[in-house]
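Residue numbering restarts at 1 for every chain, and letters A, B, ... go by the order of the sequence lines. All of these numbers come straight from a predicted model, not from anything done at the bench.
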Amino acid sequence: MHNPQELDELLYAIVRQIPRGKVAAYGWIAERAGLVRGARRVGHALRMLSSRRRVPWHRVVNAQGRISLPAGSAAARRQQEILQAEGIVFKNHRIDLMRFGWRQSLDELLWRQP
DNA sequence: GGGTTGACCTGTG
DNA sequence: ACACAGGCCAACC
């Protein structure tokens, strides 16, 4: 997929696979899309996302389990509210990724490269 | 075209 | 835990 638009679609499709009650990091999404260091690219795709599309953008957080929107912004509050409504627990503004992080497989969990 | 700016990540101190 | 640097990449002056 060399076309940027196709790549966006692929990224959205992956985000749609995150189940309710789980979250994924930008970098994980990029990895699943075959991008080497594409975390920022994922952030861009989500920022450009039209609100009419049904993509669970709120289930994407940064690698530290924190919301990556401007702290205190309306969007950040909305994201946290939705996640909490889905059963995600915040502890000091952070999500425990070991517990709520969406992993494809046990392999990915165990063999996360150094 | 070049410089700046982020919804990023990892390593290092 | 915190800060900083370096890498990254597309959007936007």
Side-chain angles (χ1 to χ4, degrees):
Chain A
M1 92 301 303
H2 304 154
N3 185 328
Q5 202 146 351
E6 287 179 35
L7 179 53
D8 284 342
E9 292 307 319
L10 173 60
L11 294 173
Y12 297 152
I14 294 171
V15 171
R16 269 194 293 266
Q17 291 176 359
I18 308 171
R20 189 184 175 84
K22 294 288 180 185
V23 294
Y26 296 90
W28 304 355
I29 306 293
E31 212 171 298
R32 283 213 60 200
L35 303 177
V36 184
R37 280 173 184 78
R40 296 201 96 122
R41 182 66 184 76
V42 174
H44 257 286
L46 293 184
R47 199 185 54 184
M48 300 279 100
L49 186 61
S50 152
S51 51
R52 297 193 304 138
R53 308 263 326 247
R54 270 206 292 283
V55 176
W57 57 271
H58 55 273
R59 307 215 261 249
V60 184
V61 297
N62 68 28
Q64 291 132 46
R66 301 166 139 292
I67 286 176
S68 259
L69 288 162
S73 67
R77 279 199 302 274
R78 186 162 62 248
Q79 181 172 10
Q80 178 166 347
E81 282 169 13
I82 299 171
L83 288 176
Q84 285 172 334
E86 294 187 351
I88 304 275
V89 175
F90 283 78
K91 191 196 275 184
N92 297 63
H93 299 271
R94 228 176 323 154
I95 298 166
D96 180 359
L97 292 183
M98 288 307 251
R99 186 167 156 206
F100 297 107
W102 175 56
R103 291 293 201 295
Q104 264 319 93
S105 60
L106 191 55
D107 268 5
E108 198 176 323
L109 177 64
L110 297 178
W111 288 97
R112 219 149 127 54
Q113 43 276 75

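For the pair A/Ile29 CD1 and B/dC9 P, the interatomic distance rounds to 10 Å; values are reported in whole Å. Rounded to whole Å, atom P of B/dA7 lies 19 Å from atom NE2 of A/His93. Note: CD (A/Gln5) to P (C/dA11) measures 10 Å, nearest angstrom. Spacing between atom CD1 of A/Ile67 and atom C1' of B/dG6 amounts to 17 Å, rounded to whole angstrom units. Put simply, CZ on A/Arg32 is 21 Å from P on B/dC8, counting in whole angstrom units. With rounding to whole Å, A/Arg47 atom CZ is found 8 Å from C/dA11 atom P. C/dA11 atom P lies 7 Å from atom CE of A/Met48, rounded to whole Å. Atom OH in A/Tyr26 sits roughly 6 Å away from atom P in B/dC8 (whole-Å rounding).
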For residues 67-78 of chain A, please give each side-chain donor-acceptor pair under 3.5 Å, one per line with the distance, not counting sequence neighbours.
{"residue": "A/Ser68", "atom": "OG", "partner": "A/Asn62", "partner atom": "ND2", "Å": "3.1"}
{"residue": "A/Ser73", "atom": "OG", "partner": "A/Pro70", "partner atom": "O", "Å": "2.8"}
{"residue": "A/Ser73", "atom": "OG", "partner": "A/Ala76", "partner atom": "N", "Å": "3.2"}
{"residue": "A/Arg77", "atom": "NH1", "partner": "A/Gly72", "partner atom": "O", "Å": "2.7"}

Under 3.5 Å, side-chain donor or acceptor atoms of residues 81-94 of chain A against the rest of the protein: list the pairs with distances, not counting sequence neighbours.
{"residue": "A/Glu86", "atom": "OE1", "partner": "A/Arg59", "partner atom": "NH1", "Å": "2.9"}
{"residue": "A/Glu86", "atom": "OE2", "partner": "A/His58", "partner atom": "NE2", "Å": "3.0"}
{"residue": "A/Glu86", "atom": "OE2", "partner": "A/Arg59", "partner atom": "NH1", "Å": "2.7"}

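Put simply, the side chain of A/Leu49 reaches to within 4.5 Å of the side chain of A/Tyr12, judged on heavy atoms. Proximity of A/Gln79 to A/Trp57: side-chain heavy atoms (C-beta onward) are separated by under 4.5 Å at one or more points. By the 4.5 Å heavy-atom criterion applied to side chains, A/Trp28 and A/Ile14 are not counted as neighbours. The closest side-chain heavy-atom distance from A/Val61 to A/Ile95 is below 4.5 Å.
A distance of 13.5 Å separates CE in A/Met48 from CZ in A/Arg53, rounded to the nearest 0.5 Å.
By the 4.0 Å N-to-carboxylate-O rule, A/Arg37 lies too far from A/Glu31 to be salt-bridged with it.
Contacts of A/Arg41 with the nucleic acid, taken as non-hydrogen atoms under 4.0 Å apart, involve only primed sugar atoms and P, OP1 or OP2.
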Can you tabulate the close N/O pairs, meaning under 3.5 Å, that link protein atoms to atoms of nucleotides 1-3 of chain B?
none

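Of the residues in residues 70-83 of chain A, not one places a heavy atom less than 4.0 Å from an atom of DNA chain B.
The side chain of A/Ser68 lies closest to B/dA7 when the candidates are B/dT10, B/dA7, B/dC9. The side chain of A/Gln64 lies closest to B/dT10, out of B/dC8, B/dT10, C/dA11.
Counting atom types as modelled, A/Arg37 pairs no side-chain N or O with a base atom of C/dG7 as donor and acceptor under 3.5 Å. Side-chain to base pairing of A/Arg40 with B/dC8: one donor and one acceptor N or O lie within less than 3.5 Å of each other.
Residue A/Arg94 is the one, among A/Arg94 and A/His44, whose nearest nucleotide of DNA chain C lies closer to the 5' end (criterion: closest heavy atom).
Applying the side-chain hydrogen bond (donor to acceptor under 3.5 Å, both in side chains) test to A/Arg41 and every residue at least two apart in sequence or in another chain returns A/Asp8. Applying the side chain to side chain contact (heavy atoms under 4.5 Å, CB included) rule to A/Ala30 yields the partners A/Leu35, A/Val42; only residues at least two apart in sequence or on another chain are considered.
With both ends at atom P, the span from C/dG7 to B/dA7 equals 22 Å, rounded to whole Å.
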